[in-house]
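Some notes on the structure that comes next.
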Amino acid sequence: MIVMKFGGTSVGSAERMREVVQLVKRAANRNPVVVLSAMSGVTNALIAGAESAASGDFNEALRQAELIRAKHIEVINAIGGGSELVSEIEERLSELVVAYKGIAAVGELTKRSLDVVSGFGELLSSALVTSMAQAEGLTCQWLDARKFMVTDDAFGRANPVWGELVPATREAILPLLEKGAVVFTQGFIGSTKKGVSTTLGRGGSDFSASIMGVAIDADEIQIWTDVDGMMTADPRVVKDARVISEVSFQEASELAYFGAKVLHPLTIKPAVEKKIPVRILNTFRPNEPGTLIKDAVVSEDVIRAVSSKKGITAIFISTPKMLMSYGFLAKVFAVFDKYQTSIDTIATSEISVALTIDQTDNLNDIVRDLSEHGDVRVSHDVAIVSVVGRQYREKSGIAGRVFDALKDVNIVMISGGASDINLSFVVEAGNADDAVRKLHAQFLSVSVVGHVTSQTADSKVHFER
Ligand code: ADP
Ligand code: ASP
Ligand code: MG
């Protein structure tokens with residue numbers, strides 16, 4: 001059994017969806033469970049509509065719904081889909097408009113209603129792809145993921161409730177696979193035990209795929225996207241970024257967490273426990289080998305990739321009380337614990353602590369509570385730049401080369417050394433791309449590492465398309 005997850009660009013048009021169906025057909029003998037994202041741009045449009053509805057601009061919400069409708073109807077026309085499919089799409093869209101009306105009536109957008117709205121895209125795209133696959137002669141079954149993807153009620157970033165989810169998923173999927181059907185379902189969405197719709201957070205379809213893979217004990221989880229694999233840097237930022245053919249679970253988690261958007265940060269966690277390999281593949285170039293993420297990897301490279309994560313908030317707390325005292329950090333951490341906000345990076349000196357968070361829902365409360373312990377300063381919209389590698393502590397000169405590369409970049413904070421695989425810097429958001437390019441040139445450009453793969457040249461071509 002394999003899980004095949006296709007991202008937004010992979011289902012972005014009728015032509016792309018046709019490709020997807022061919023890829024699924026090619027893998028039909030491996031009992032695929034196909035996990036689909038919304039067509040690219042649709043989740044954003046759904047959310048924009050909800051925000052307009054809440055702010056009193058209902059016409060704008062309707063305009064977004066109409067754009068979404070047109071996009072899907074265009075696909076149906078292109079594939080010669082029947083009236084049944086049109087009615088299914090129309091029905092979902094009327095449910096969407098009802099949801100917008102509800103939001104407009106209340107004049108407020110709760111996380112709970114946002115989850116109802118933002119999950120429509122996956123329901124729409126999966127209906128289209130399933131219908132195309134059926135027309136291609138595949139025995140298919142469409143499943144509503146909310147029937148088995150049981151989550152808690154942390155709307156907007158819900159967590160799997162494994163105890164319920166695993167039996168429900170197995171029960172929903174396994175008999176169908178045994179009968180030889182290909183299962184088509186949605187990423188991103190789930191529901192609480194009580195049946196209230198949830199989402200796993202933006203980009204969460206990757207996470208859905210790995211949750212399902214773990215639940216059914218899949219042999220492999222495939223993440224099909226628009227690049228050749230996990231690369232030495234974001235190819236949109238670094239033109240000569242190269243595909244990394246194999247990475248360890250740990251390296252991939254670190255990279256995903258620190259900004260490599262190609263993989264949702266939580267994707268790896270479930271797969272690690274069952275040691276299920278995760279493969280990242282390019283829908284546009286399906287014959288490329290992609291990246292294999294697995295348990296252990298042998299590589300000579302000390303530095304494997306550079307990434308950046310924008311939209312980060314840095315908090316600086318300073319107080320002379322901290323000097324030669326103890327218990328201060330415990331008080332600081334207690335504040336973040338109270339507001340369930342995780343700290344990404346941290347640096348301390350004798351009298352100050354600097355840390356970063358990316359979840360700012362409770363920022364005002366956090367700052368208020370922290371102010372009881374010292375002077376607090378907040379920098380909004382900074383970026384974390386990370387160098388991910390391995391055993392760099394054992395190699396001399398790495399830190400020197402990092403700082404040499406960044407000598408002209410203003411570094412707001414440095415954090416690293418806690419693990420042997422990540423060295424992170426906080427910089428102004430506007431400097432992040434520059435820092436990534438400089439670090440990549442220092443450690444990873446072809447002229448430094450001295451080998452060119454065919455993928456290097458090709459990935460540029462792909463990027464420019
Ligand atoms: P999907 O819609 O398939 O989920 P995403 O847009 O979420 O695709 O992720 C793919 C994108 O991730 C790529 O187009 C690329 O720009 C970006 N990206 C960022 N860092 C990396 C990296 N290290 N390797 C590959 N892609 C990366
Ligand atoms: N469609 C969702 C999003 O855009 C989930 C995903 O594509 O992974 O965030
Ligand atoms: Mg994604």
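Whatever order the structure lists them in is the order used to number ligands and atoms, beginning at 1. All figures in this text were calculated on a predicted structure; none of them were measured in a lab.
Under a cutoff of 6.0 Å and an axis angle of 45°, R16 and F284 form a cation-pi pair. Judged by the 6.0 Å distance and 45° axis criteria, K438 is not positioned over the aromatic ring of F443.
Using a 4.0 Å heavy-atom cutoff, S10 is absent from the residues neighbouring ligand 1. Contact annotation: K5 has at least one heavy atom less than 4.0 Å from an atom of ligand 1. Residue S205 places no heavy atom under 4.0 Å from ligand 1. Under a 4.0 angstrom heavy-atom cut-off, G8 registers as lying outside contact with ligand 2. Judged by the shortest distance from any of its heavy atoms, G203 lies outside the 4.0 Å radius around the atoms of ligand 1.
Where the criterion is an N or O separation shorter than 3.5 Å, residue side chain and backbone included, R202 meets it with respect to ligand 2. Considering backbone and side-chain atoms together, F188 places no N or O closer than 3.5 Å to any N or O of ligand 2. Considering both main-chain and side-chain atoms, R236 comes within under 3.5 Å of ligand 1 through a nitrogen or oxygen pair.
Set against the non-hydrogen atoms of S37, the atoms of ligand 2 under 4.0 Å away are 6 (C), 7 (O), 8 (O). Of all the atoms in ligand 1, the ones that sit under 4.0 Å from a non-hydrogen atom of D226 are 10 (C), 11 (C), 13 (C), 14 (O). In the vicinity of G204, heavy-atom distances shorter than 4.0 Å reach the ligand 2 atoms 5 (C), 8 (O). Annotation for ligand 1: atoms under 4.0 Å from non-hydrogen atoms of M230 are 24 (N). Interface of E122 with ligand 2, defined as ligand atoms under 4.0 Å from a residue heavy atom, comprises 1 (N), 2 (C), 5 (C). Near G229, meaning under 4.0 Å from one of its heavy atoms, ligand 1 places the atoms 24 (N), 25 (C).
Panel note: side chain R242, backbone L444; a donor-acceptor pair is recorded below 3.5 Å. Not a single donor-acceptor pair under 3.5 Å links the side chain of E254 to the backbone N or O of F249. Distance alone, capped at 3.5 Å, is enough to place a donor-acceptor pair between the E122 side chain and the A38 backbone. No donor-acceptor pair under 3.5 Å is formed between the side chain of D240 and the backbone N or O of S445.
Using a 4.0 Å cut-off between heavy atoms, T225 contacts ligand 1 through both its backbone and its side chain. Residue H264 does not touch ligand 2, judged by heavy-atom distances below 4.0 Å.
Checked for salt-bridge contact, K309 and D344 meet the test: a charged N lies under 4.0 Å from a carboxylate O. The residues D404 and K407 are annotated as salt-bridged, a charged nitrogen and a carboxylate oxygen being separated by less than 4.0 angstrom. The pair E66-R63 does not count as a salt bridge, with every side-chain nitrogen at least 4.0 angstrom from each carboxylate oxygen.
Nearest-heavy-atom check against atom 5 (C) of ligand 2 across S205, G121, G201 picks out S205.
Side-chain contact between V237 and H440: absent, with no pair of heavy atoms (C-beta onward) separated by less than 4.5 Å. Between L263 and I293, the closest side-chain pair of non-hydrogen atoms falls below 4.5 Å.
In this structure, atom 15 (C) of ligand 1 lies nearest to the protein heavy atom D234 OD1, 3.4 Å. Protein heavy atom in closest approach to atom 26 (N) of ligand 1: V262 CB, 3.4 Å. The nearest heavy-atom contact from the protein to atom 2 (O) of ligand 1 is G8 N, 3.1 Å. For atom 23 (N) of ligand 1, the closest non-hydrogen atom on the protein side is M231 O, 3.1 Å. Scanning the protein for heavy atoms near atom 5 (P) of ligand 1, the closest one is K261 NZ, 3.8 Å.
Atom NZ of K274 has more than 12 heavy atoms from other residues, nucleotides or ligands within 6.0 Å. The 12-atom threshold is not exceeded at CD of E74, counting heavy atoms of other residues, nucleotides or ligands nearer than 6.0 Å.
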